[in-house]
There are 2 protein chains.
Amino acid sequence: MSRGNTRQRIQDVALKLFAERGYEKTSLREIAEQLGVTKAALYYHFKTKEDLVTSLFEDLVLGPCDEVIAWARVHRPTTLEAKLQILRRYSACIGNATPLVRFMHENQATLRELSIGEQMKKRIFTLLGFLKDQDAALTDQVRCTSALFTMHSTLFTLDSSGAGPEDKRRAALEVAEELVTAAHHGDGA
Amino acid sequence: MSRGNTRQRIQDVALKLFAERGYEKTSLREIAEQLGVTKAALYYHFKTKEDLVTSLFEDLVLGPCDEVIAWARVHRPTTLEAKLQILRRYSACIGNATPLVRFMHENQATLRELSIGEQMKKRIFTLLGFLKDQDAALTDQVRCTSALFTMHSTLFTLDSSGAGPEDKRRAALEVAEELVTAAHHGDGA
DNA sequence: GTCTATACGGCGATAGAC
DNA sequence: GTCTATCGCCGTATAGAC
């Protein structure tokens with residue numbers, strides 16, 4: 001049973017429950033129960049509940065996200081094409097972690113008070129800084145912000161459309177590219 | 001002091017704390033403390049914590065939201081101009097309740113399990129149904145969904161821009177109109 | 001190294017005194 | 001209309017079994 005993969009099994013159950021029911025409504029007792037252990041056992045593998053949720057971000061999105069930022073820093077995206085490259089890379093990065101992105105989007109108030117939430121926010125703001133000009137017209141800033149949020153939320157909405165995850169990811173990317181393109185050309189000035 | 005307006009004073013403090021710290025992290029003891037009473041006193045004015053948050057939505061956005069839906073049902077928005085009218089009316093409606101919209105957006109996981117959350121979700125879905133065609137291309141459905149979310153989130157983001165609340169509301173409405181216009185013309189087909 | 005038993009203060013909620 | 005007292009569940013912490 002517990003062949004050194006207990007930590008991984010805790011993470012799997014936690015991510016599932018966190019995404020379904022939210023961070024606060026998911027108790028450690030619930031997580032432990034689904035694994036057939038007591039909640040005290042979780043404290044051997046993770047110092048706190050926050051430490052558990054932090055590990056999910058570290059293992060699933062933090063690294064890939066930093067790679068996109070590193071790429072952006074090197075390429076200094078002043079051209080539209082470079083900006084669109086950032087969108088494509090970020091879209092691919094979050095597309096592999098749909099449940100966690102959903103959790104992040106739907107638990108912003110909770111994550112705001114957690115260290116990992118601040119870290120994720122900082123990274124998203126950094127990416128946003130590469131997409132939009134600080135002095136751009138307000139509508140253009142709205143367009144770029146909306147582009148990122150659209151890529152996030154489309155991953156777990158539009159279930160009624162019957163479209164698959166990859167189709168939705170591509171459609172969201174397409175709309176995001178449009179928004180950033182419009183902002184780059186400065187329609188809102 | 002408590003001249004029959006105690007209920008209102010509880011709502012004011014609750015909305016402020018819910019928007020700042022989130023629903024779950026805000027305890028009834030905190031709310032009571034700021035009012036100089038014990039938490040048990042709150043239970044005279046509101047049956048439960050859920051009843052308290054529900055009253056905020058009922059008093060601030062539920063009525064105006066239903067008026068927009070009623071208008072939409074009467075006018076059957078098949079033309080682009082009618083769809084844009086819905087956006088403008090909805091924008092005005094939520095513009096008067098920025099803290100509550102922020103709370104709604106940042107506590108989706110929590111609200112999903114509350115009756116009032118389901119009711120709000122149903123209303124937003126209804127509005128979305130007037131904006132987008134069920135059989136439209138996936139990108140067009142993404143555009144319309146993004147339009148509504150953009151109007152929501154712009155109310156409480158872009159603080160670094162230094163723009164005022166009304167400027168941000170108008171900028172978000174402008175971008176939303178663009179998105180719905182593009183979807184109406186069926187660029188994504 | 002892995003986990004159970006037990007305890008603590010804070011939470012939402014209720015009952016009943018004033 | 002507001003209080004005290006109490007309840008069961010929460011996250012957290014630790015002692016100790018194996």
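Lettering follows sequence order; numbering is per chain, from 1.
Side-chain contact between A:R21 and A:E30: present, with at least one pair of heavy atoms (C-beta onward) separated by less than 4.5 Å.
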Review point. Hey, mind stepping through A:L128 and A:L148 against side chain to side chain contact (heavy atoms under 4.5 Å, CB included) and telling me if it holds?
Key: CA-CA 8 Å; A:L128 201 50; A:L148 282 189; 3.8 Å; yes
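The side chain of B:A40 approaches D:dT4 more closely than any other nucleotide in the set C:dA13, D:dT4, D:dT2. In this structure, of C:dC11, D:dG11, C:dA13, it is C:dC11 that holds the atom nearest to the side chain of B:S27.
The NZ-C1' distance, from A:K49 to D:dT12, rounds to 12 Å in whole Å. Whole-Å rounding puts the B:E33 CD to D:dT2 P distance at 16 Å. Following rounding to the nearest Å, A:N5 (CG) and C:dT2 (P) show an atom-to-atom distance of 11 Å. With rounding to whole Å, A:K25 atom NZ is found 16 Å from D:dG11 atom C1'. To the nearest angstrom, C1' of D:dT14 lies 13 Å from NZ of A:K39. In this structure, A:I10 places its CD1 atom 7 Å from P of C:dC3, rounding to the nearest Å. Regarding B:Y23, its OH atom lies at a distance of 12 Å from the C1' atom of C:dC11, rounded to whole Å. B:E24 has its CD atom 18 Å from the P atom of D:dC9, to the nearest Å.
Taking CD of A:Q141 as the reference point, atom OG of A:S146 lies at 13.0 Å (rounded to 0.5 Å).
B:L114 and B:F125 fall into different hydrophobic clusters, where Ile, Leu, Val, Met, Phe, Trp and Tyr are joined by side-chain heavy atoms under 4.5 Å apart, directly or via other members.
A side-chain hydrogen bond (donor to acceptor under 3.5 Å, both in side chains) with A:S91 is found for exactly one of A:R169, A:R170, A:H152, namely A:R169.
The phosphate of C:dA13 (OP1 or OP2) has a side-chain N or O of B:Y43 nearer than 4.0 angstrom. Taking only side-chain nitrogens and oxygens, B:T38 never comes nearer than 4.0 Å to OP1 or OP2 of D:dT2. Checking the phosphate oxygens (OP1, OP2) of D:dC9, no side-chain nitrogen or oxygen of A:R29 falls inside 4.0 Å.
Each of B:H45 and A:K47 has a nearest nucleotide on DNA chain D; the 5'-most of these lies closest to B:H45.
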